[in-house]
J.: 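Have a look at the structure that comes next, please.
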Amino acid sequence: MTALAHSVIPGPSADADTLTLIGSLGSTRAMWNPQHRLARHFRLLLVDLPGHGDSPLPKPGSTIADFATSVIALLDELSIDSTHVAGLSIGGAIAQQLAIASPERVNGVVALCTSARFGEPDSWLDRAATVRADGTSAIAGAVVGRWFTPGFIERNPAEVAEYTRMVADTDSEGYARCCEALAQWDSRADLGRIGSPTLVIGGAQDPATPPEHQRLIADRVATSRLAILDDAAHVASVEQAGAVNQLIDDFLRGTDERSAAFDLGMRTRRSVLGDAHVDRSVAGTTAFTEPFQDFITRVAWGDVWNRPGIDHQWRRLLTIAILTAVGNEHELDMHIRAALRAGVQPDLIGEVLLHTAVYAGVPNSNRAFALGKAALADLGIPDTSQADTP
Ligand SMILES: O=C(O)CC1=CCC(=O)O1
């Protein structure tokens, strides 16, 4: 398949992050017109689904994974190393698949009005058969009836007619092949592998993918945030464009700040505790512990350890004093060893432990001295006072 049809809306600067937008069954990239204002902060890459708009037909039997591969091919063609991805409905399935299979290309995910499994496969095979027999115009009215709430349909007849035309103009074979891909789609067992920050948005009145579908995604993606919008059905990005844009903008820009804090935190953590410890900790991270690892890396190491006014040596000694006072042996041992490895003089650590004994108790410092003595022996550092050295 040749590259997916797309358009690019430049962002505020040449180095603005890219946000790739992938729409729903029966749409063209024009469904994202209400999202153009996101270009205030992002470069937008609007993509037509395979077999939709100006994109070529996918091969018969194509899967959502194949569609994700064609998005990666488009990113390659445009020299985009990584991008945020927002997808609605089938577009949200492609966004999930990108985050599962190509995490290095995905900075943040927005999963809009989508699902890990869109109902029974037969309903999609039936719909594929209907459009092959009667064309997309046969189903356009019913589809758009699920896109918007009854109130929106009543208040906006011209807009609704335009969206109905969009569905009716979709190539029937392209639509049918996407229905067949949806019939096979089931990401439920893989959602735990998503590590990109993920914003999940649903419409409270969505009959196609009701909120329990988004709740399931949010429950299984450890790094997710869920927002259900009251006055929205399946295409919340149109009916609640302002709220959706604000959620996306806040989340993805926060993600940028979070990822900068995470990167700085990782560098600090490695410099203070050493690569071997951090590598072990990263390798031991599970879906259950990941939110905590993210929190300490960003907040403790990325923020507090880098505040001005107290340098890292001071913070090391303070940490040793505090851990001695609270009697947390595991962390104390780790920080004493890290400090010694980084060249902090044993005398200085000894002074801190002596001082701590006065204010926090002799037994705790006694234990800390024992840990320090063992660490010196293990690390092969001479157990002599500076005063003893000629
Ligand atoms: O067309 C529908 O009924 C709703 C829908 C499911 C997948 C998609 O993209 O739209």
J.: Return all side-chain donor-acceptor pairs below 3.5 angstrom for residues 74-83, not counting sequence neighbours, or 'none' if the list is empty.
T.:
{"from": "Asp76", "atom 1": "OD1", "to": "Arg105", "atom 2": "NH1", "distance (Å)": "3.0"}
{"from": "Asp76", "atom 1": "OD1", "to": "Arg105", "atom 2": "NH2", "distance (Å)": "2.8"}
{"from": "Ser82", "atom 1": "OG", "to": "Asn107", "atom 2": "OD1", "distance (Å)": "3.2"}
{"from": "Ser82", "atom 1": "OG", "to": "Asn107", "atom 2": "ND2", "distance (Å)": "3.3"}
{"from": "Thr83", "atom 1": "OG1", "to": "Thr18", "atom 2": "O", "distance (Å)": "3.0"}
{"from": "Thr83", "atom 1": "OG1", "to": "Thr20", "atom 2": "N", "distance (Å)": "3.4"}
{"from": "Thr83", "atom 1": "OG1", "to": "Thr20", "atom 2": "OG1", "distance (Å)": "2.9"}

J.: Has Glu180 got a side-chain atom pairing as donor or acceptor with Ser62's backbone, closer than 3.5 angstrom?
T.: no
J.: What do you reckon, is CD of Glu212 surrounded by more than 12 foreign heavy atoms closer than 6.0 Å?
T.: yes
J.: Could you tell me which residues satisfy salt bridge (charged side-chain N to carboxylate O under 4.0 Å, His left out) with Arg316, sequence neighbours excluded, listed by chain and number?
T.: none
J.: Will you find, in the side chains of His234 and Ser89, an N or O donor that is under 3.5 Å from an N or O acceptor?
T.: yes
J.: Sequence neighbours left out, what passes salt bridge (charged side-chain N to carboxylate O under 4.0 Å, His left out) with Arg367? Give chain and number order.
T.: Glu329
J.: Looking only at side chains, do Gln35 and Asn245 share a donor and an acceptor under 3.5 Å apart?
T.: yes
J.: If the condition is salt bridge (charged side-chain N to carboxylate O under 4.0 Å, His left out), which residues does Asp48 pass it with, not counting sequence neighbours?
T.: Arg29
J.: Could you state whether Leu125 and Trp185 fall into the same hydrophobic cluster, counting links through intermediate Ile, Leu, Val, Met, Phe, Trp or Tyr residues with side-chain heavy atoms under 4.5 angstrom apart?
T.: no
J.: Between Glu290 and Thr285, does any side-chain donor sit less than 3.5 Å from a side-chain acceptor?
T.: no
J.: Output a table of donor-acceptor pairs, distance under 3.5 Å, between side-chain atoms of residues 190-197 and any protein atom two or more places apart or on a different chain; print 'none' if there are none.
T.:
{"from": "Asp190", "atom 1": "OD1", "to": "Arg193", "atom 2": "NH1", "distance (Å)": "3.4"}
{"from": "Ser196", "atom 1": "OG", "to": "Val106", "atom 2": "O", "distance (Å)": "3.4"}

J.: Mind checking what makes salt bridge (charged side-chain N to carboxylate O under 4.0 Å, His left out) contact with Asp263, not counting sequence neighbours?
T.: none
J.: For the pair Arg337 and Asp378, find out whether any cationic side-chain nitrogen is under 4.0 Å from an anionic carboxylate oxygen.
T.: yes
J.: Could you walk me through whether Arg132 and Ser172 pass side chain to side chain donor-acceptor pair (under 3.5 Å), step by step?
T.: CA-CA 6 Å; Arg132 281 195 178 107; Ser172 298; over 6 Å; no
J.: Output yes when a side-chain donor or acceptor of Arg177 lies under 3.5 Å from a complementary backbone atom of Pro58, and no otherwise.
T.: yes
J.: Hey, is the main chain of Ala218 close enough, under 3.5 Å, to the side chain of Ser224 for a donor-acceptor pair?
T.: yes
J.: Donor-acceptor pair, distance only, cut-off 3.5 Å: does the side chain of His312 make one with the backbone of Trp305?
T.: yes
J.: Name the atoms and distances for all side-chain donor-acceptor pairs under 3.5 Å in residues 156-164, with sequence neighbours left out.
T.:
{"from": "Asn156", "atom 1": "ND2", "to": "Phe152", "atom 2": "O", "distance (Å)": "3.0"}
{"from": "Thr164", "atom 1": "OG1", "to": "Val160", "atom 2": "O", "distance (Å)": "2.7"}

J.: List the residues meeting side-chain contact (heavy atoms from CB on, under 4.5 Å) with Asp275, not counting sequence neighbours, and say none if there are none.
T.: Arg270, Asp279
J.: With sequence neighbours excluded, tell me which residues meet side-chain contact (heavy atoms from CB on, under 4.5 Å) with Ser115.
T.: Phe118, Thr209, His213
J.: So, the side chain of Thr286 versus the backbone of Thr289: is there a donor-acceptor pair under 3.5 Å, distance only?
T.: yes
J.: Is there a donor-acceptor contact under 3.5 Å from the side chain of Thr324 to the main chain of Ile320?
T.: yes
J.: Report the residues that fulfil side-chain contact (heavy atoms from CB on, under 4.5 Å) with Ala30, sequence neighbours left out, ordered by chain and then residue number.
T.: Thr28, Asn33, Met166
J.: Verify whether one side chain among Ser123 and Asp126 offers a donor that lies under 3.5 Å from an acceptor in the other.
T.: no
J.: By the ring-ring contact (aromatic ring centres under 6.0 Å, His included) test, which pairs, at least two apart or in different chains, include something from residues 334-382?
T.: His355-Tyr359
J.: Does the pair Asp249/Arg253 count as a salt bridge with the N-to-O cut at 4.0 Å?
T.: yes
J.: Quick check against the 3.5 Å criterion: does His6 have a side-chain atom that pairs as donor or acceptor with the backbone of Leu4?
T.: yes
J.: Could you check whether Tyr175 and Arg127, counting side-chain N and O atoms only, form a donor-acceptor pair closer than 3.5 Å?
T.: yes
J.: Does any donor atom in the side chain of Thr149 or Glu239 lie under 3.5 Å from an acceptor atom in the other side chain?
T.: yes
J.: Distance-only, no hydrogens or angles: does the Thr319 side chain make a donor-acceptor pair with backbone N or O of Arg315 under 3.5 Å?
T.: yes
J.: Please answer whether the main-chain N or O of Ser365 pairs with a side-chain N or O of Thr356 as donor and acceptor at a distance below 3.5 Å.
T.: no
J.: Count I, L, V, M, F, W, Y as connected when their side-chain heavy atoms are under 4.5 Å apart, and connections chain through other members. Are Ile90 and Ile139 then in the same cluster?
T.: yes
J.: Do Gln214 side-chain atoms and Thr114 backbone N/O form a donor-acceptor pair below 3.5 Å?
T.: yes
J.: By side-chain contact (heavy atoms from CB on, under 4.5 Å), which residues pair with Val282, not counting sequence neighbours?
T.: Met266, Val278
